[in-house]
Amino acid sequence: MRSSAILASILRTRRAMRMTAPELARRRDRQWAALQPALRRTPALAGVAGEELGAFPVVAPADMRRDYGAWNSLGLDHHRLCRAADAAETGSGEGIIANLGVGWSTGTSGQRGLFIADAGERADYIGQSLARLLPLRAMLRPQRIALHLRANSNLYSDVGGRFFAFRYFPLAEPAAVTRAALAAFAPTILIAPPHRLLALAQDGGRGGGAMPALQHIFFGSEPMSEAEIDWVGEVFGVRPRSIYQATEGFVGAACAAGALHLNEHSLAIELEPVADTPGFRPVVTDLRRHSQPVVRVRLDDYLEPTGESCACGYAGRVIRPVAGRVGDIWRWGRHAIAPGAVADCLDSLLGVPALWQAIGGPQTVELRLDPRIPAESAERAAAQFRERLAIPVAVSLSHERPAEPFPKRRRVIWHD
């Protein structure tokens with residue numbers, strides 16, 4: 001991948017970060033017009049190509065998963081793409097499609113989603129990410145970026161050069177092994193899901209926490225509470241910031257001021273209200289993705305906008321870090337409790353990094369707590385938890401250990 005293409009994307013994105021909201025809207029209109037030829041070549045969307053965005057149907061990620069052949073503009077069929085994604089994960093040369101990045105990502109629901117990106121789109125993704133996440137001065141000197149992923153991805157693996165070195169660290173590897181490899185790599189930027197950051201911080205708390213070159217930590221893939229962010233920040237001396245990335249697009253990123261902005265320089269994001277809550281779920285259109293158009297895909301993420309502007313000057317709307325799934329909101333009639341409220345309450349009662357999992361249902365709430373928590377403390381926490389959140393059903397303690405967080409940690413669950 002050419003460094004010049006990444007640099008061009010960085011410069012485009014940084015110009016967009018200085019635009020006003022009306023200027024961003026006009027930019028999105030131009031991007032939508034430029035996307036139409038690709039939509040005409042995409043079987044699932046060809047019949048609506050040329051229309052306004054609102055004329056396109058709203059679809060779910062599952063609709064795309066059923067037939068990826070219908071959701072690309074390159075004429076590639078579903079099975080060919082799946083073979084290429086499998087080959088990318090296993091490192092096999094068989095099935096790889098020349099000059100095309102194809103791979104699997106683990107979506108919010110835990111089901112794999114397939115992504116397609118040509119060389120230009122991969123360069124654009126890297127450039128957008130760097131421009132949105134790092135100050136300009138950080139891009140003028142070499143960076144060593146440690147990526148903690150379920151499986152390696154050629155979205156990053158062919159990025160190199162003098163300024164950016166990407167290293168893949170598998171999530172299936174024990175934290176102690178990862179710690180030793182990290183020490184050898186000496187990253188300046190660490191990107192990982194929260195459960196891996198917490199495991200590394202716990203290991204660090206026993207004397208191995210220092211990474212002297214580390215300047216930035218980013219988390220994504222799963223929710224992370226404020227208490228966890230504070231604790232990891234204290235251990236490493238660098239406060240983690242949020243990346244909102246989905247199979248369907250690079251949806252949001254935290255600015256240097258710490259605010260999480262929607263990436264409205266390259267996405268059209270509609271917010272659908274979620275009943276009985278102050279939050280929304282996003283309907284995403286990626287305006288710069290031509291190989292695999294993503295148009296009006298409704299995600300299951302629960303978002304809460306802050307309603308505030310940001311001192312950084314970027315006009316993208318500010319949201320709180322994604323706290324969980326819409327499908328995991330606890331509901332008893334009109335009484336709804338969002339996953340973030342559950343997490344904040346239990347983290348305050350049990351402390352970080354105590355293990356827990358909370359499973360809500362129509363008749364009861366089951367708490368699975370770290371077995372190292374004394375029984376008396378667990379019972380007291382369960383009673384306070386029910387009282388603080390006004391839970392209208394019984395809260396029971398389970399002797400079952402909280403589920404292992406692989407490939408994603410899911411602490412708050414609703415079973416209807």
Is it true that Arg12 and Asp124 have a side-chain N and a carboxylate O under 4.0 angstrom from each other? yes
Using a distance-only test with no angle check, is there a side-chain donor-acceptor pair under 3.5 angstrom linking Thr178 and Arg196? yes
Hey, could you give me each pair passing ring-ring contact (aromatic ring centres under 6.0 Å, His included) that has a residue in residues 39-80? Not counting sequence neighbours. Trp32-Phe56, Tyr68-His78
His265 side chain vs Ala16 backbone, donor-acceptor pair below 3.5 Å: no
Keeping the roles fixed (side chain from Ser266, backbone from Arg288), state whether a donor-acceptor pair exists under 3.5 Å. no
So does Gly258 get a backbone contact from the side chain of Arg241, meaning a donor-acceptor N/O pair under 3.5 Å? no
Whether Arg132 side chain and Ala253 backbone form a donor-acceptor pair below 3.5 Å: yes
Using modelled atom types and a 3.5 Å cut-off, is there a donor and acceptor pairing between side-chain atoms of Arg281 and backbone atoms of Glu272? no
Contact between Leu262 and Leu267 at the side-chain level, heavy atoms closer than 4.5 Å - yes or no? no
Working note: Ile243 + Phe219, criterion side chain to side chain contact (heavy atoms under 4.5 Å, CB included); need CA distance, chi angles, decisive distance, verdict. CA-CA 6 Å; Ile243 299 174; Phe219 68 90; over 6 Å; no
If we ignore hydrogens and angles and just use 3.5 Å, is the side chain of His261 paired with the main-chain N or O of Gly316 as donor and acceptor? yes
So which atom in Ser73 and which in Ala38 form the shortest heavy-atom distance, rounded to 0.1 Å? CB-O, 3.5 Å
Checking Glu226, Glu228, Glu234 against Arg239 for salt bridge (Lys or Arg N to Asp or Glu O under 4.0 Å), the one that qualifies is Glu226
For Asp347 and Trp356 the tightest heavy-atom approach is OD1-NE1, 3.0 Å
Please work out whether the ring planes of Trp332 and Trp330 are parallel, tilted or perpendicular, with thresholds of 30° and 60°. perpendicular
One should read off an interatomic distance between Gln292 CD and Asp286 CG, to the nearest 0.5 angstrom, of 9.5 Å
Search all heavy atoms of Gly127 against all heavy atoms of Ile10 and return the closest pair with its distance. O-CG1, 3.5 Å
Check: Ile359 main-chain N/O paired with Glu366 side-chain donor or acceptor under 3.5 Å: no
Which distance, rounded to the nearest 0.5 Å, do you find between the CH2 of Trp231 and the CZ of Phe236? 8.0 Å
Validation row: Leu76, Leu100 side chains within 4.5 angstrom (heavy atoms): yes
Would you say the side-chain atoms of Asp344 pair up with the backbone N or O of Ala341, donor to acceptor, closer than 3.5 Å? no
With no hydrogens and no angle check, do the side chains of Ser348 and Arg388 hold a donor and an acceptor under 3.5 Å apart? yes
May I ask you to test the Arg296-Pro57 pair for a side-chain heavy-atom distance under 4.5 Å? no
Kindly give the heavy-atom pair with the smallest separation between Ser291 and Ile116, and that separation in Å. CB-CG2, 4.1 Å
Report the C-alpha separation of Tyr125 and Gln245 in whole Å, then their side-chain angles, then the decisive distance to 0.1 Å, and conclude whether the side chain to side chain contact (heavy atoms under 4.5 Å, CB included) test is met. CA-CA 11 Å; Tyr125 170 76; Gln245 168 70 35; 3.3 Å; yes
Given 3.5 Å as the limit, does a donor-acceptor pair link the side chain of Asn72 with the main chain of Gly75, or not? yes
Give the minimum heavy-atom separation between Ala165 and Phe185, together with the two atoms involved. O-CZ, 3.7 Å
Rounded to the nearest 0.5 Å, what's the gap from CD1 on Ile373 to CG on Leu355? Could you check? 8.0 Å
side-chain contact (heavy atoms from CB on, under 4.5 Å) with Phe169: of Val177, Leu147, Leu182, only one passes, and it is Leu182
N-O pairing of Glu304 and Arg320 below 4.0 Å: yes
Given Arg150 and Glu89, is the salt bridge (Lys or Arg N to Asp or Glu O under 4.0 Å) satisfied, shown in steps? CA-CA 9 Å; Arg150 181 186 58 81; Glu89 283 212 353; 2.5 Å; yes
Could you state the interatomic distance from CD1 (Ile145) to OG1 (Thr188), rounded to the nearest 0.5 Å? 6.5 Å
Rounded to the nearest 0.5 Å, the CG atom of Asp328 sits from the CZ atom of Arg411 at a distance of 13.0 Å
Val342 side chain near Phe385 side chain, heavy-atom distance below 4.5 Å: yes
Is there a donor-acceptor pair under 3.5 Å between the side chain of Gln357 and the backbone N or O of Arg368? no
Going by heavy atoms in the side chains, are Leu367 and Ser398 under 4.5 Å from each other? no
Is the shortest side-chain heavy-atom distance between Pro135 and His216 below 4.5 Å? yes
CG-CD1 distance between Leu260 and Ile319, expressed to the nearest 0.5 angstrom: 4.0 Å
Closest heavy-atom pair and its distance - Arg14, Ala131: NH1-O, 3.6 Å
Using a 4.5 Å cut-off on heavy atoms from C-beta on, say whether the side chain of Gln143 contacts that of Leu130. no
Note, Leu200 side chain near His148 side chain (heavy atom, < 4.5 Å): yes
